[in-house]
K.L.:
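What follows is a single structure, and I will ask about it in a moment.
Numbered from 1 within each chain, the chains take letters A, B, ... in sequence-line order.
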Amino acid sequence: MATLVVAEHNNTSLSEATSKTVSAAKALGTDIDILVAGQGASAASEAAAQIDGVRAVITVEHDLLARQMPEAMEATIMALMDGYDTVMAADTTTHKAYMPRVAAKLDTQQISSVTGIDGDVFERPIYAGNALAYVKSTGGKKVVTVRTTAFPLSGDGGSAASESKSVEIGDTGSTFVSEELTKSDRPELTGAKIVISGGRGMGSGENFALIDTIADKLGAAVGASRAAVDAGYVPNDYQVGQTGKAVAPQLYIAVGISGAIQHLAGMKDSKVIAAINKDEEAPIFQVADYGLVADLFKALPELDAELAKIGY
Amino acid sequence: MKVLVPVKRVLDYNVKARVKPDQTGVDLSNVKMSMNPFDEIAVEEAVRMQEAGTATETIAVSVGPAKAQETIRTALAMGMDRGVHITTDEDLEPLAVAKILKAVAEAEGAELVLMGKQAIDNDYGATGGMFAALMDWPIGQYANTLAPGEGTIEVKREIDGGLQTVTLKLPAVVTTDLRLNEPRYASLPNIMKAKRKPIEAKTPEDLGVDTTPRLTIVKVTEPKTREAGVIVETVAELVDKLKNEAGVI
């Protein structure tokens, strides 16, 4: 049998999350096909065919797939599932929105946000990462979402076969109206090598300029705690945590973040954590490799100057 | 419209989960339990819809042990009309819960099901999507703002890249995200009033739902803990450590 990996893409480009999902799928030891479901998505399909370890790239195009609406994705994947015993996708909001639909239609339990695969046993964090559950399927097809920060890129140099399929999609009851996407030239949060995040201590959205300056110097992505997003300092897509994005960069710099359980769940797998907080009792210092007890409004300009001294 | 809100009793979000020594799960004895925070947001939204005149009746449903009744009472104290309690001592998978919710939604003739995007205990984030598929209803996941219309509901969704707005034909499912609203605290008079609101109790068997699990839990372990590192005195020292000791800049 085989595994169907669903591509993360925006039609014109393929996200690295796809390659990382393929690398997770390799652990199952079956053939791997990639589904590119979109509209005008040939560029994404071509990129997918170059991922190492892929047998075929199946492209399905439809108006309702342009933004991968959940109801249309369910219909598309269900039309293909006869040939597969597992369907796997990244645990981004696109895939989390429809994968449970597929699981219900297959009468199986979705295995969500997997961080490791060993034979037929899947590792997944529960309780905001305060426990790890090891689960296996009792039979039937498997529906799996993976936390891509836990898997490496699959490499390129692949030469997968390409095929196009058409799928009939009826009235879904859902209509796309509009999108307001955050525009940024910085790296994507979940794939960045360095992430610098601000918390409630930033005090305002304007003050995030202090973080932006340093992020631009370091080529870092900018994140935030739930408190900073709830306070309206930055948009929702900045949120790192149990219910936001999970990141695992080489360096995570937490500024003015106290370190609530739900924030730690999204960043504690970072290789190195640095924290700047004026409260020496802040829980963030219990997970930080390097802690600086300081007023961030003094420390950030100093950090900017120190980085300039070493060539940034 | 008739609005159904599933509510789950979970380990309180401020309490750190402890794994049982025999690695069968998380220890839930003698710890504070509360309503799943995302479900609280769903309850608040349903009550606001009722106050605005768009919801005609609001029903809270919980699937869980006897004490899940307290969670339903909390929803009633926040302002919902009545409760349905599906009693079970098993820790059901989202698939089984979705099947139970289907039976309840059909029996009640619900037109909108508002529910949390995930439960903060098992973190599956699957029940809403599963339930929507079983009903063949459209879904608006991760709602930031809701605007009910004539036979439709507009949902502004929080997605990884920003915000997306969709219009769903009713009946539909909406899952809540953190920015949808700020749930109210129940007032004492409302807590007293909630004690007299009806809660109907049933079992999964009464509904004819098969709750057989599809996954086996091999074990549950503590994650690797991170050791606290060092406190540096100056920004210059921090930059030096990051560059020369950790080698990450």
K.L.:
So what's closer than 4.5 Å to chain A heavy atoms on B/Val173: side chain, backbone, both or neither?
P.N.:
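Contact with chain A is absent: no heavy atom of B/Val173 under 4.5 Å.
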K.L.:
For the pair A/Asp269 and A/Arg147, evaluate salt bridge (charged side-chain N to carboxylate O under 4.0 Å, His left out) and give the outcome as yes or no after the intermediate values.
P.N.:
CA-CA 12 Å; A/Asp269 294 327; A/Arg147 185 168 289 184; 5.1 Å; no
K.L.:
Calculate, to the nearest 0.5 Å, the distance between atoms CG and NZ belonging to B/Asn122 and B/Lys8 respectively.
P.N.:
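Between atom CG of B/Asn122 and atom NZ of B/Lys8 there are 4.0 Å.
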K.L.:
Quick check: does any side chain N or O of A/Thr115 sit under 3.5 Å from a backbone N or O of A/Ala150, one acting as donor and the other as acceptor?
P.N.:
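Not a single qualifying donor-acceptor pair exists.
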K.L.:
Which of the residues B/Leu134, B/Ile120, B/Val155 is involved in the greatest number of heavy-atom pairs with chain A at under 4.5 angstrom?
P.N.:
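Most heavy-atom pairs within the cutoff with chain A belong to B/Ile120.
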K.L.:
Would you say A/Asp118 has more than 12 foreign heavy atoms packed within less than 6.0 Å of its CG?
P.N.:
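Count not over threshold, so no.
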K.L.:
Let me know if B/Gln118 has heavy atoms under 4.5 Å from chain A in its side chain, its backbone, both or neither.
P.N.:
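Contact with chain A involves the side chain of B/Gln118 alone.
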K.L.:
Taking 4.0 angstrom as the limit, do B/Arg157 and B/Asp177 come out as a salt bridge?
P.N.:
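Looking at B/Asp177 together with B/Arg157, the answer is no, because their closest N to O distance does not fall below 4.0 Å.
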K.L.:
Highest number of heavy-atom pairs under 4.5 Å with chain B: which of A/Leu307, A/Thr172, A/Asp230, A/Leu303?
P.N.:
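Answer, by heavy-atom pair count under 4.5 Å with chain B: A/Asp230.
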K.L.:
Considering only heavy atoms, which portion of A/Glu302 lies under 4.5 Å from any heavy atom of chain B: side chain, backbone, both, or neither?
P.N.:
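Contact with chain B: backbone and side chain both.
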K.L.:
I'd like to verify something: which residue of B/Ile231, B/Val220, B/Leu163, B/Val10 has the highest number of heavy-atom pairs under 4.5 Å with chain A?
P.N.:
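Looking at each option in turn, the highest pair count goes to B/Leu163.
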K.L.:
Between B/Asp160 and A/Lys96, is there a side-chain N and carboxylate O pair less than 4.0 Å apart?
P.N.:
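Salt bridge absent between B/Asp160 and A/Lys96.
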K.L.:
Given heavy-atom pairs under 4.5 angstrom as the criterion, report whether the side chain, backbone, both or neither of B/Val19 touches chain A.
P.N.:
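The side chain, not the backbone.
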K.L.:
Between A/Asp289 and B/Arg226 (salt bridge meaning N to carboxylate O under 4.0 Å), is one present in this structure?
P.N.:
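B/Arg226 and A/Asp289: salt-bridged.
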K.L.:
Does B/Lys2 have more than 12 heavy atoms from other residues, nucleotides or ligands lying within 6.0 Å of its NZ?
P.N.:
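For B/Lys2, atom NZ is crowded (more than 12 foreign heavy atoms under 6.0 Å).
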K.L.:
Any Lys/Arg nitrogen of B/Arg214 or B/Glu93 sitting under 4.0 Å from an Asp/Glu carboxylate oxygen of the other?
P.N.:
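No, no charged N to carboxylate O under 4.0 Å.
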K.L.:
Output the distance between atom CG (A/Leu106) and atom NZ (A/Lys142), rounded to the nearest 0.5 Å.
P.N.:
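With rounding to 0.5 Å, CG (A/Leu106) is 12.0 Å from NZ (A/Lys142).
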K.L.:
Measure the CG-OG1 distance between B/Asn144 and B/Thr176 for me, rounded to the nearest 0.5 Å.
P.N.:
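Reported to 0.5 Å precision, the distance equals 11.0 Å.
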K.L.:
With chain B, which of A/Glu71, A/Glu123, A/Gln286, A/Arg124 has the greatest number of heavy-atom pairs at distances under 4.5 Å?
P.N.:
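So the answer, after comparing A/Glu71, A/Glu123, A/Gln286, A/Arg124, is A/Arg124.
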K.L.:
Give, as side chain, backbone, both or neither, the part of A/Tyr312 having an atom under 4.5 angstrom from any heavy atom of chain B.
P.N.:
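Interface part for A/Tyr312: side chain.
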K.L.:
Measure B/Tyr13 against the heavy atoms of chain A and call it side chain, backbone, both or neither at under 4.5 Å.
P.N.:
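Backbone only.
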K.L.:
So what's closer than 4.5 Å to chain A heavy atoms on B/Glu227: side chain, backbone, both or neither?
P.N.:
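Interface part for B/Glu227: backbone (N, CA, C, O).
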K.L.:
To the nearest 0.5 Å, what is the distance between OG (A/Ser270) and CD1 (A/Ile194)?
P.N.:
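Between A/Ser270 OG and A/Ile194 CD1, I get 11.5 Å after rounding to 0.5 Å.
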K.L.:
Could you tell me which of A/Gln250, A/Glu280, A/Lys268 has the largest number of non-hydrogen atom pairs under 4.5 Å with chain B?
P.N.:
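If we count pairs closer than 4.5 Å to chain B, A/Lys268 comes out on top.
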K.L.:
Counting only non-hydrogen atoms closer than 4.5 Å, does B/Gln141 touch chain A with its backbone (N, CA, C, O), its side chain (CB onward), both, or neither?
P.N.:
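When you check distances to chain A, only side chain atoms of B/Gln141 fall under 4.5 Å.
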K.L.:
Enter the distance from A/Thr190:OG1 to A/Lys245:NZ here, rounded to the nearest 0.5 Å.
P.N.:
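Here the rounded value is 6.5 Å.
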K.L.:
Does any backbone or side-chain atom of A/Ala299 lie under 4.5 Å from a heavy atom of chain B? Answer side chain, backbone, both or neither.
P.N.:
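Both backbone and side chain.
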K.L.:
Mind ranking A/Thr182, A/Asn236, A/Asn10 by heavy-atom pairs under 4.5 Å with chain B and telling me who comes out on top?
P.N.:
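Max contact count across the listed options: A/Asn236.
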K.L.:
Quick check on B/Glu237 against chain A: is it the side chain, the backbone, both or neither that has a heavy atom closer than 4.5 Å?
P.N.:
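No part of B/Glu237 comes within 4.5 Å of chain A.
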K.L.:
Charged N to carboxylate O under 4.0 angstrom, B/Lys169 versus A/Asp171?
P.N.:
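Judged by the 4.0 Å cut-off on N to carboxylate O distance, B/Lys169 and A/Asp171 do form a salt bridge.
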K.L.:
Heavy-atom distance under 4.5 Å to chain B: side chain of A/Lys193, backbone, both or neither?
P.N.:
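Neither part.
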K.L.:
What part of B/Tyr142 gets closer than 4.5 Å to chain A, counting heavy atoms only: side chain, backbone, both or neither?
P.N.:
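For B/Tyr142, side-chain heavy atoms alone lie under 4.5 Å from chain A.
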K.L.:
Is B/Leu170 close to chain A through its backbone or its side chain, or both, or neither, when contacts mean heavy atoms under 4.5 Å?
P.N.:
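Nothing of B/Leu170, per the 4.5 Å heavy-atom cut-off to chain A.
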K.L.:
Quick check on the interface: out of A/Glu179, A/Met99, A/Gln109, who has the most heavy-atom pairs with chain B under 4.5 Å?
P.N.:
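Option with the top pair count is A/Gln109.
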K.L.:
Would you say A/Thr145's side chain and A/Asp91's backbone share a donor-acceptor pair under 3.5 angstrom?
P.N.:
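Answer holds: no.
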K.L.:
Which answer fits A/Leu300, side chain, backbone, both or neither, if we ask what part of it has an atom under 4.5 Å from a heavy atom of chain B?
P.N.:
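Nothing of A/Leu300, per the 4.5 Å heavy-atom cut-off to chain B.
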K.L.:
Is A/Val121 close to chain B through its backbone or its side chain, or both, or neither, when contacts mean heavy atoms under 4.5 Å?
P.N.:
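For A/Val121, the contact with chain B is made by the side chain alone.
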K.L.:
Go through the atoms of B/Val232 and report whether side chain, backbone, both or neither lie under 4.5 Å from a heavy atom of chain A.
P.N.:
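Both backbone and side chain.
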K.L.:
Pick one of side chain, backbone, both or neither for A/Leu292, based on which atoms fall under 4.5 Å of a heavy atom in chain B.
P.N.:
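For A/Leu292, backbone and side chain are both near chain B.
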K.L.:
Pick whichever of B/Pro94, B/Gly140, B/Ala96, B/Gly25 has the most heavy-atom pairs under 4.5 Å with chain A.
P.N.:
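Counting heavy-atom pairs under 4.5 Å, the top option is B/Pro94.
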K.L.:
At a heavy-atom separation under 4.5 Å, does A/Pro235 approach chain B through its side chain, its backbone, both, or neither?
P.N.:
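A/Pro235 has no heavy atom closer than 4.5 Å to chain B.
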K.L.:
Are a donor atom and an acceptor atom from the side chains of B/Glu154 and B/Thr152 found within less than 3.5 Å of each other?
P.N.:
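B/Thr152 and B/Glu154 do not have a side-chain donor-acceptor pair below 3.5 Å.
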K.L.:
Relative to chain A, which segment of B/Thr127 carries a heavy atom at a distance below 4.5 Å: side chain, backbone, both, or neither?
P.N.:
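Nothing of B/Thr127, per the 4.5 Å heavy-atom cut-off to chain A.
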K.L.:
For each of B/Val230, B/Val239, B/Ile217, tally heavy-atom pairs with chain A at distances under 4.5 Å, and name the one with the top tally.
P.N.:
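The option with the most such pairs is B/Val230.
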K.L.:
B/Leu238 versus chain A, heavy atoms under 4.5 Å apart: side chain, backbone, both or neither?
P.N.:
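Interface part for B/Leu238: side chain.
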K.L.:
Side chain, backbone, both or neither: which part of B/Ala98 has a non-hydrogen atom closer than 4.5 Å to chain A?
P.N.:
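Contact with chain A involves no heavy atom of B/Ala98 at all.
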K.L.:
Less than 4.5 Å to any heavy atom of chain B: does that hold for the side chain of A/Leu218, its backbone, both, or neither?
P.N.:
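For A/Leu218, side-chain heavy atoms alone lie under 4.5 Å from chain B.
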K.L.:
Using a 4.5 angstrom heavy-atom cutoff, name the option from A/Val143, A/Thr94, A/Ile310, A/Val293 with the most pairs to chain B.
P.N.:
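Heavy-atom pairs under 4.5 Å are most numerous for A/Ile310.
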K.L.:
Hydrogens and angles aside, do B/Asp12 and B/Ser34 bring a side-chain donor and acceptor to less than 3.5 Å of each other?
P.N.:
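B/Asp12 vs B/Ser34: donor-acceptor pair found between side chains.
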K.L.:
For the residue pair A/His263 and A/Tyr252, categorise the inter-ring angle as parallel (less than 30°), tilted (30 to 60°) or perpendicular (more than 60°).
P.N.:
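If you compare the ring of A/His263 with that of A/Tyr252, the planes turn out tilted.
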K.L.:
Under a 4.5 Å cutoff for heavy-atom pairs, which residue among B/Ala132, B/Ala172, B/Gly247 has the most contacts with chain A?
P.N.:
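Ranked by contacts with chain A, first place is B/Ala132.
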K.L.:
Relative to chain A, which segment of B/Asn14 carries a heavy atom at a distance below 4.5 Å: side chain, backbone, both, or neither?
P.N.:
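The backbone, not the side chain.
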K.L.:
What part of A/Met69 gets within 4.5 angstrom of chain B, counting heavy atoms only: side chain, backbone, both, or neither?
P.N.:
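The side chain, not the backbone.
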K.L.:
Do B/Pro213 and A/Thr138 make a side-chain contact, defined as non-hydrogen atoms from C-beta onward lying under 4.5 Å apart?
P.N.:
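No; the side chains remain at least 4.5 Å from each other.
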K.L.:
If you count heavy-atom pairs under 4.5 Å with chain A, which of B/Gly161, B/Ala119, B/Gly125 comes out on top?
P.N.:
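Option with the top pair count is B/Gly161.
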K.L.:
Between B/Asp136 and A/Lys105, does the salt bridge (charged side-chain N to carboxylate O under 4.0 Å, His left out) criterion hold? Intermediate values first, please.
P.N.:
CA-CA 10 Å; B/Asp136 274 317; A/Lys105 283 288 160 78; 2.8 Å; yes
K.L.:
In terms of heavy-atom proximity below 4.5 Å to chain B, should A/Gln242 be classed as side chain, backbone, both, or neither?
P.N.:
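Interface part for A/Gln242: both.
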